[in-house]
Amino acid sequence: MACDEAIKGLLKTHQRIDILINNAGLRNDSLLVFMKPEQWAEVIATNLNSFYNVTRPVVTQMALNRWGRIVTISSTSGQAGVEGQTNYAAAKAGVIGASKALAREVAKRGVTVNVLAPGFIETEMLATPQRDQFLARIPAGRFGTPEEVASAAVYLCSESAAYITGAVLNINGGAYA
């Protein structure tokens with residue numbers, strides 16, 4: 001697999017990989033009744049299969065080193081669902097479940113696995129006609145920033161978070177999850 005080869009290449013130039021941030025994300029929205037099979041497959045492959053393809057070879061190395069931090073970026077859509085995003089919600093819920101299971105598998109090896117579930121973050125994904133409708137759902141009255149998500153990831157990768165594993169942290173300005 002391409003991910004296996006890329007990671008082997010990284011390990012030739014770097015002795016170890018201590019931190020993995022899984023941040024694959026693609027939307028291809030449609031109501032399920034109108035969704036084409038390729039829309040479903042593309043979103044699942046990008047958002048869920050990538051978790052397996054990248055995490056498996058990295059977590060193996062982390063477990064052998066008895067230390068590692070894995071943070072996967074999911075979405076509040078994976079917890080609450082959003083109309084027109086059945087494929088996206090399914091994939092993001094899948095990485096939450098996979099992360100929780102993996103956290104149980106590797107905790108004794110000094111590896112933590114956690115999930116960040118952002119709500120509406122100021123990125124290209126918000127370039128949509130529904131932008132104002134999304135903003136109306138957020139009690140904080142604003143979209144989150146990529147820097148706020150990054151700060152949460154930095155914390156989960158720190159020694160201060162060494163006892164936190166299998167957690168899902170919502171970053172959503174008080175919106176429902």
Side-chain angles (χ1 to χ4, degrees), residues 1-26 44-81 88-123 125 138-140 142-177:
M1 258 187 165
C3 290
D4 285 330
E5 293 305 314
I7 290 163
K8 284 179 188 172
L10 280 172
L11 290 171
K12 286 181 183 174
T13 57
H14 298 79
Q15 290 186 327
R16 54 193 284 162
I17 298 171
D18 291 326
I19 296 171
L20 171 63
I21 308 292
N22 286 309
N23 191 30
L26 171 74
I44 297 297
T46 300
N47 298 354
L48 181 56
N49 294 352
S50 63
F51 172 89
Y52 170 82
N53 292 334
V54 174
T55 305
R56 187 191 49 76
V58 171
V59 77
T60 300
Q61 183 262 330
M62 288 177 173
L64 291 171
N65 290 333
R66 301 189 71 77
W67 199 94
R69 300 288 184 263
I70 299 172
V71 176
T72 297
I73 310 301
S74 180
S75 170
T76 54
S77 181
Q79 296 171 300
Y88 185 77
K92 292 303 185 175
V95 297
I96 291 171
S99 295
K100 286 177 170 281
L102 182 60
R104 291 177 169 273
E105 293 176 11
V106 297
K108 289 182 181 173
R109 305 290 298 177
V111 179
T112 64
V113 184
N114 292 293
V115 177
L116 295 177
F120 299 109
I121 304 299
E122 192 67 64
T123 66
M125 290 180 87
I138 305 170
R142 68 175 181 84
F143 296 117
T145 67
E147 293 79 12
E148 290 168 317
V149 177
S151 293
V154 167
Y155 170 69
L156 289 173
C157 293
S158 73
E159 280 301 315
S160 296
Y163 192 65
I164 300 171
T165 194
V168 178
L169 175 61
N170 291 335
I171 304 170
N172 63 6
Y176 66 89

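- The OG1 atom of Thr76 sits 12.0 Å away from atom CG of Leu116, with the distance rounded to the nearest 0.5 Å.
- Lys92 contributes no side-chain N or O that, together with a main-chain N or O of Gly81, makes up a donor-acceptor pair within less than 3.5 Å.
- Every side chain to side chain contact (heavy atoms under 4.5 Å, CB included) that Ala107 has, sequence neighbours left out, goes to Thr165.
- Residues passing the side chain to side chain donor-acceptor pair (under 3.5 Å) test with Asn47: none are found, sequence neighbours excluded.
- Judged as a side chain to side chain contact (heavy atoms under 4.5 Å, CB included), and not counting sequence neighbours, the contacts of Ile96 are Ser74, Gln79, Lys100, Val115, Val168.
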Please list every donor-acceptor pair under 3.5 Å in which a side-chain atom of residues 144-151 meets a protein atom from a residue at least two apart or in another chain.
residue : atom : partner : partner atom : Å
Thr145  : OG1  : Glu148  : N            : 3.1
Thr145  : OG1  : Glu148  : OE1          : 3.3
Glu148  : OE1  : Arg142  : NH1          : 3.3
Glu148  : OE1  : Thr145  : N            : 2.8
Glu148  : OE2  : Arg142  : NH2          : 2.6
Ser151  : OG   : Glu147  : O            : 3.0

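- Panel note: side chain Asn114, backbone Ala167; a donor-acceptor pair is recorded below 3.5 Å.
- With sequence neighbours excluded, the residues satisfying side chain to side chain donor-acceptor pair (under 3.5 Å) with Glu122 are Arg131.
- The distance from the CD1 atom of Ile164 to the OH atom of Tyr155 is 3.5 Å, given to the nearest 0.5 Å.
- Considering only residues two or more places apart in sequence or on other chains, Thr72 meets the side chain to side chain donor-acceptor pair (under 3.5 Å) condition with Asn22.
- Contacts of Ala93 classified as side chain to side chain contact (heavy atoms under 4.5 Å, CB included), with partners at least two apart in sequence or in another chain: none.
- Evaluation of the side chain to side chain donor-acceptor pair (under 3.5 Å) test over residues 5-19, restricted to residues two or more places apart or in two chains, returns Arg16-Asp18.
- Applying the salt bridge (Lys or Arg N to Asp or Glu O under 4.0 Å) test to every pair with at least one member in residues 105-116, sequence neighbours left out, gives no pairs at all.
- Residues satisfying the side chain to side chain donor-acceptor pair (under 3.5 Å) test with Asp4, not counting sequence neighbours, are Arg56.
- Residue pairs meeting the salt bridge (Lys or Arg N to Asp or Glu O under 4.0 Å) criterion with at least one partner in residues 68-78, sequence neighbours excluded, are Arg69-Glu159.
- Partners of Ala24 according to the side chain to side chain contact (heavy atoms under 4.5 Å, CB included) rule, which considers only residues two or more places apart in sequence or in another chain, are Thr46, Ser50.
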